[in-house]
Amino acid sequence: MITPIATKQKKRPDKKQIEFVGKLMDVVRRIHNSSTQKEFRRKMSLYLDYYKNNYWDSDSEEFKTDSGEDSEISINLLFSTIATIAPLLTDNRPIWYARAREPWAQQYADRLKTITDILWTDCDMDRVVLECCTDALIMRFGLFKVWFNPDGRDGDGEVTVETVDPRTFVMAPGYTDLWEAPWCGTVTSRPLSWIWQRFPDHKREVRPDKIRSDDLDENGDMRAKQDVEVCDRFATVYEVFTQDDEVIVEILKNEEDGTTEKKFTAKYPHGRYLVFVEGKKGKPVILCDKPYPYNHGKPPFVPLYDYIGPHSFEGICEADQLEGLILETNYLFRKITRHIRAWASPNFAGEENCGITPEQWKKDAPGGNKLFQLKAGKEPPRAIETPRLDSMAIDTFSSMFGLLEEISGVSEISKGRVTKKERQSASEIQSLIETSHTRTRQRVRNLEWSLKRVFRLVLELMMQFYDEEKPRNYS
């Protein structure tokens, strides 16, 4: 779930502000709707369907179900691969350390480290990390969001870590590190009830993406409705963090000699945070526009990769490598099972006027133990022999699993199965396990890199907002 960092807009926006947000919305929308981004979202949604075993619902004519009687059997190799890799990454909790720059501050750093260990449980990080790892394995990268929730812990405020759907993320093109990008954010479809609850002052201005005849009044504003009435109506919400170089000019006068000088101060020293939607006539409705509230000045997002994509922000996921192999394996498997069904339920040929009608044979023949009366001199129906399945199809199908192991790095020993029937020594098994984890070790390094950034943001937020004593459960 994506939650806005702030939910208040105290004053009405001025003309300059509306003009800036309008230009920003056009840029974000242009990049989000570019052919590259559309193809990325299409592929990631397709990979997610594969992970859910929806192989026969794709747009490809070869993989559609021909009729209700055809088998939809499939081998969900993508799920089995990811379900083997993900636990290897998330099985152990990370051990992190905070080092103070000065020796006298180390005790304070140790306390912060202890609190982050407690936050791991409070933020349900076991689940959050598993979700992010699964996203990275399926959709090229996962995304953490680290922010301070002022309403957390019964209103005392709390650091929060959650996952973001990679398909909603957008950033300035041409950057491989989102912390260096001039802007980044999310474009998310949200229920109107969700928006109204967080930004109640803008109820009448926020319009759904699909407008009905009874939605708007004579002025083009939303009619007054209860939240429950619009829980199934959606609007596109833009949440953007951007670096803004706007400055405030202050004129200072020297009381002694009467001279003046200009003092330039950054209006957004740590960045600018905006939340907006599209309103009437395509103009933006600014729900929140404020200086970025975090002193670290970094975007709240941290990516996680399965494999690094060279010179690209997007990574490489398991589905990228296995898509063709998995589809061909399922296609061959379906052909084989269809052939076996045809062999088990053959077609029959019979003489005309033999005493058995095709309708009678079709109805009564299945199941056996039936008596049919034939006319004198007529032969009973005979089965039409199904050609034998070519051994090449079986050999090709069997070889697919070896190729899958070679590409994914997920071996039999990784799945807890022995590789040969003979008894193996403990040292031999340990050696095989170490060898099978070659790919996993790099994935662990990628996870450590991401968690290091998450830990850095968490520490920054704690040092900024933990200015009062807070009760903690150390159990």
Side-chain angles (χ1 to χ4, degrees), residues 1-7 86-87 89-98 109 111-139 141-169 171 177-179 184-186 188 194 198 239-241 270-271 273 275 292-306 315 443-466 470-474:
M1 176 181 177
I2 304 174
T3 308
I5 293 172
T7 58
L89 300 178
T90 61
D91 189 40
N92 298 317
R93 291 186 177 185
I95 300 175
W96 40 31
Y97 299 95
R111 289 182 180 179
L112 291 178
K113 188 264 180 187
T114 302
I115 295 174
T116 56
D117 291 338
I118 299 170
L119 279 176
W120 185 274
T121 301
D122 289 351
C123 294
D124 202 7
M125 286 297 293
D126 289 326
R127 178 188 59 82
V128 172
V129 172
L130 178 60
E131 287 181 356
C132 200
C133 285
T134 304
D135 282 345
L137 293 167
I138 299 173
M139 296 188 283
F141 66 93
L143 208 60
F144 294 103
K145 181 182 180 183
V146 185
W147 61 290
F148 185 80
N149 181 6
D151 299 323
R153 293 188 67 87
D154 300 325
D156 292 336
E158 186 59 280
V159 175
T160 302
V161 184
E162 58 190 14
T163 56
V164 176
D165 188 341
R167 294 171 295 179
T168 67
F169 183 74
M171 63 179 285
D177 188 346
L178 69 85
W179 281 12
C184 63
T186 58
T188 314
W194 185 92
R198 288 158 176 79
E239 182 186 10
V240 180
F241 163 83
H270 307 301
Y273 174 76
V275 181
Y292 192 56
Y294 306 146
N295 294 338
H296 57 66
K298 301 292 185 184
F301 306 109
V302 176
L304 170 64
Y305 298 105
D306 180 22
R443 296 187 185 103
V444 171
R445 299 295 175 269
N446 295 339
L447 177 59
E448 289 174 348
W449 175 86
S450 297
L451 290 179
K452 180 181 178 181
R453 284 198 167 190
V454 170
F455 183 53
R456 175 181 173 181
L457 295 183
V458 169
L459 284 179
E460 294 278 3
L461 294 180
M462 287 195 300
M463 289 187 289
Q464 178 179 349
F465 293 102
Y466 285 8
K470 295 178 180 289
R472 292 289 175 184
N473 182 9
Y474 285 83

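Here the structure is a predicted model, which is why all the values come from computation and not from measurement. Scope of the values below: all heavy atoms of this structure, side chains included, with no hydrogens, waters or symmetry mates. Here, residue 1 is the first one in the sequence, and each next residue gets the next number.
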_To the nearest 0.5 Å, what is the distance between OG1 on Thr186 and CG on Asp165?_
10.0 Å
_So, taking the atom named CZ in Phe455 and the one named NZ in Lys113, what distance separates them when rounded to the nearest 0.5 Å?_
8.0 Å
*Roughly how far, to the nearest 0.5 Å, is CG of Leu89 from OG1 of Thr134?*
9.5 Å
*For Glu448 and Lys452, what are the C-alpha separation, side-chain angles and deciding distance, and is it a salt bridge (charged side-chain N to carboxylate O under 4.0 Å, His left out)?*
CA-CA 6 Å; Glu448 289 174 348; Lys452 180 181 178 181; over 6 Å; no
*asked:* Using every non-hydrogen atom in the two residues, find where Val159 and Cys123 come nearest and quote the distance to one decimal.
replied: O-SG, 3.5 Å
*Shortest non-hydrogen contact from Thr90 to Cys133?*
CG2-SG, 3.9 Å
*Apply side-chain contact (heavy atoms from CB on, under 4.5 Å) to Leu143 and Val302, showing your working.*
CA-CA 6 Å; Leu143 208 60; Val302 176; over 6 Å; no
*Heavy-atom closest pair, residues Lys298 and Trp179*: CD-CE3, 3.9 Å
*So do the side chains of Thr160 and Leu119 get within less than 4.5 Å of each other, counting heavy atoms only?*
no
*Show your reasoning for whether side-chain contact (heavy atoms from CB on, under 4.5 Å) applies to Asp306 and Arg443.*
CA-CA 6 Å; Asp306 180 22; Arg443 296 187 185 103; 2.9 Å; yes
*Please examine the side chains of Val129 and Leu451, heavy atoms only from C-beta on, and report whether any two atoms are closer than 4.5 Å.*
yes
*Out of curiosity, Asp135 CG to Phe141 CZ, how far, rounded to the nearest 0.5 Å?*
9.0 Å
_Tyr292/Phe241 aromatic ring centres below 6.0 Å_ = yes
*Compare all side-chain heavy atoms of His296 with those of His270 and state whether any distance is below 4.5 angstrom.*
no
*How about Pro300 and Val146: do any of their side-chain heavy atoms sit closer than 4.5 Å?*
no
_Restricting to non-hydrogen atoms, name the atom on Pro293 and the atom on Gln464 that form the minimum distance, rounded to 0.1 Å._
O-NE2, 2.7 Å
*Side-chain contact, heavy-atom cut-off 4.5 Å: Val161 with Lys145?*
no
*Which heavy atom of Leu459 sits nearest a heavy atom of Ala98, and at what distance?*
CD1-CB, 4.2 Å
*Short side-chain to backbone donor-acceptor contact, Arg453 and Trp449, under 3.5 Å*: no
*Would you call Arg93 and Asp126 a salt bridge, taking side-chain N to carboxylate O under 4.0 Å as the test?*
yes
_Testing the basics here: between Asn446 and Leu304, what is the closest heavy-atom pair and its distance to 0.1 Å?_
O-CD1, 3.8 Å
*Has the side chain of Thr163 got a donor or acceptor atom that lies under 3.5 Å from a matching backbone atom of Cys132?*
no
*asked:* Phe301 and side chain to side chain contact (heavy atoms under 4.5 Å, CB included): which single residue from Phe144, Trp147, Phe169 fits?
replied: Phe169
*Taking the side chain as every heavy atom from C-beta outward, state whether Glu158 and Met462 have any pair of such atoms under 4.5 Å apart.*
no
_Using modelled atom types and a 3.5 Å cut-off, is there a donor and acceptor pairing between side-chain atoms of Tyr294 and backbone atoms of Glu460?_
no
